[in-house]
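Working notes for the structure below.
In what follows, every chain begins at residue 1, and chains take the letters A, B, ... in the order their sequences are listed. From a predicted model like this one, the values you see are computed outputs, not experimental measurements.
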Number of protein chains: 2
Amino acid sequence: MPIRHAEATWTGNLREGNGRMKLGSGYFEGPFTFASRFEEGKGTNPEELVGAAQAGCFSMFLSGQLTKEGFPPKQIHTTATVHLDAGPTISKIILDTTAQVAGIDQAKFQELVDFSKKNCPVSKALTGVDVQVNAKLEK
Amino acid sequence: MPIRHAEATWTGNLREGNGRMKLGSGYFEGPFTFASRFEEGKGTNPEELVGAAQAGCFSMFLSGQLTKEGFPPKQIHTTATVHLDAGPTISKIILDTTAQVAGIDQAKFQELVDFSKKNCPVSKALTGVDVQVNAKLEK
């Protein structure tokens, strides 16, 4: 099974310093600061990377489950809303998913959504976070 | 406290489909496929996003701890190695950190490394993963 790489550098102290995060694949390298993490400054932050990973993992996993049950989806779109609360602690991630799937009934769809929320690799990693999914079926 | 956004789209079935993950800040949007996630195909994957988030969060948090104790660092560099094992499950993330810090002794440095590993927000979120840190102090 694969091993992935990433890296980060932080230069200076917490408040005035600045950092960069980079993916091993080379597809992304971006800046972050105290302001881009805890305020509304320009840059990225670890929380939106976690949100993208959770949204991507869930969408892909749900496609796999739907395909396995005989309902290959046309498309699945998921937004992740990541709450960073006092602590600081990532308290909650809300996934809003819209899935275009022909032929499946609502109950079976919801069952596969619940299974994917619980079992996709990123969900299983983020056990310290309350992950919630609102999923809408479009036929 | 801030709320962050991200999104992902998966089009088609698990094996032949393809996806995109995107950060709410707009700093990154990138492609992923079955091959870029589970094999060695071109593209990104959720695991390296999680690795970048963990490396970034840990490095920034350690800077904060060092600053608070009177040892503001010059620079902290961390690589994350993310193991995706059977399941699929993110079983392990290994952080290799090099910190340039003047004046601190090894024992105090290691104490702050251990505290940061345990308490940075991404570590607290990833409680389903065995996170290990190898930290080296450079004066």
Between B/I93, B/T81, B/T89, the one whose heavy-atom pairs under 4.5 Å with chain A are most numerous = B/T81

Spatial distance of atom CZ (A/F34) from atom CD (A/E16) [nearest 0.5 Å] = 10.0 Å

Could you walk me through whether B/W10 and A/T78 pass side-chain contact (heavy atoms from CB on, under 4.5 Å), step by step?
-> CA-CA 9 Å; B/W10 187 266; A/T78 302; over 6 Å; no

Would you mind checking which part of A/T98 comes under 4.5 Å of any heavy atom in chain B, side chain (CB onward), backbone (N, CA, C, O), both or neither?
-> neither

Under a 4.5 Å heavy-atom cut-off, does chain B meet the side chain of A/A86, its backbone, both or neither?
-> backbone

From the list B/F58, B/F71, B/F38, the residue making the most non-hydrogen contacts under 4.5 Å with chain A is B/F38

Select one option (side chain, backbone, both, neither) describing which atoms of B/E29 are under 4.5 Å from chain A's heavy atoms.
-> neither

Would you mind telling me which of A/S36, A/G19, A/C57 has the largest number of heavy-atom pairs within less than 4.5 Å of chain B?
-> A/C57

Does any N or O in the side chain of A/E48 come within less than 3.5 Å of the main-chain N or O of B/S25, such that one atom is a donor and the other an acceptor?
-> yes

Top contributor to chain A contacts, counting heavy-atom pairs under 4.5 Å, from B/T44, B/L14, B/T127 | B/T127

Pair listing, salt bridge (charged side-chain N to carboxylate O under 4.0 Å, His left out) test, anchored in residues 107-128 of chain A, at least two apart = A/E69-A/K108, A/K108-A/E111

Taking 4.0 angstrom as the limit, do A/R37 and A/E47 come out as a salt bridge?
-> yes

Please flag which part of A/N45 lies under 4.5 Å from any non-hydrogen atom of chain B: side chain, backbone, both or neither.
-> side chain

Segment of A/Q65 engaging chain B (4.5 angstrom heavy-atom cut-off) | neither

Report the option among A/P72, A/G51, A/S63 that has the most heavy-atom pairs separated by less than 4.5 Å from atoms of chain B.
-> A/S63

Taking the side chain as C-beta and beyond, is there a heavy-atom pair between B/L95 and B/V131 under 4.5 Å?
-> yes

Among A/G43, A/P31, A/S91, A/S59, residue most engaged with chain B (heavy-atom pairs, under 4.5 Å) = A/G43

Pick from A/P88, A/C120, A/G64, A/G24: which one has the most heavy-atom pairs with chain B under 4.5 Å?
-> A/P88

To the nearest 0.5 Å, how far apart are CZ in A/F61 and CZ in A/F115?
-> 5.0 Å

Hey, what do you get for NE2 (A/H83) to CD1 (B/I3), rounding to the nearest 0.5 Å?
-> 4.5 Å

When the 4.5 angstrom heavy-atom criterion is applied to A/K42 and chain B, the contacting part is both

Identify the two heavy atoms, one from B/P46 and one from A/G56, that lie closest to each other, and give their separation to 0.1 Å.
-> CG-C, 4.3 Å

Answer key: most heavy-atom pairs under 4.5 Å with chain A among B/V50, B/T11, B/V129, B/L66 is B/T11

Heavy atoms only, distances under 4.5 angstrom: which of B/K74, B/E40, B/M60 has the most pairs with chain A? Name it, please.
-> B/M60

What residue in A/K22, A/R4, A/R20, A/E7 has the most heavy-atom pairs under 4.5 Å with chain B?
-> A/R4

Donor-acceptor under 3.5 Å (B/S123 side chain, B/N119 main chain) | no

Chain A shares the most heavy-atom pairs under 4.5 Å, among B/D96, B/I90, B/L84, with B/L84

Side-chain (B/T97) to main-chain (B/A135) donor-acceptor, under 3.5 angstrom = no

Taking C-beta and beyond as the side chain, do B/T9 and A/I76 meet within less than 4.5 Å on heavy atoms?
-> no

Is chain B contacted by the side chain of A/F32, its backbone, both, or neither, given a heavy-atom distance below 4.5 Å?
-> side chain

Heaviest contributor of heavy-atom pairs below 4.5 Å to chain B, chosen from A/L62, A/T67, A/V122, A/L126, is A/L126

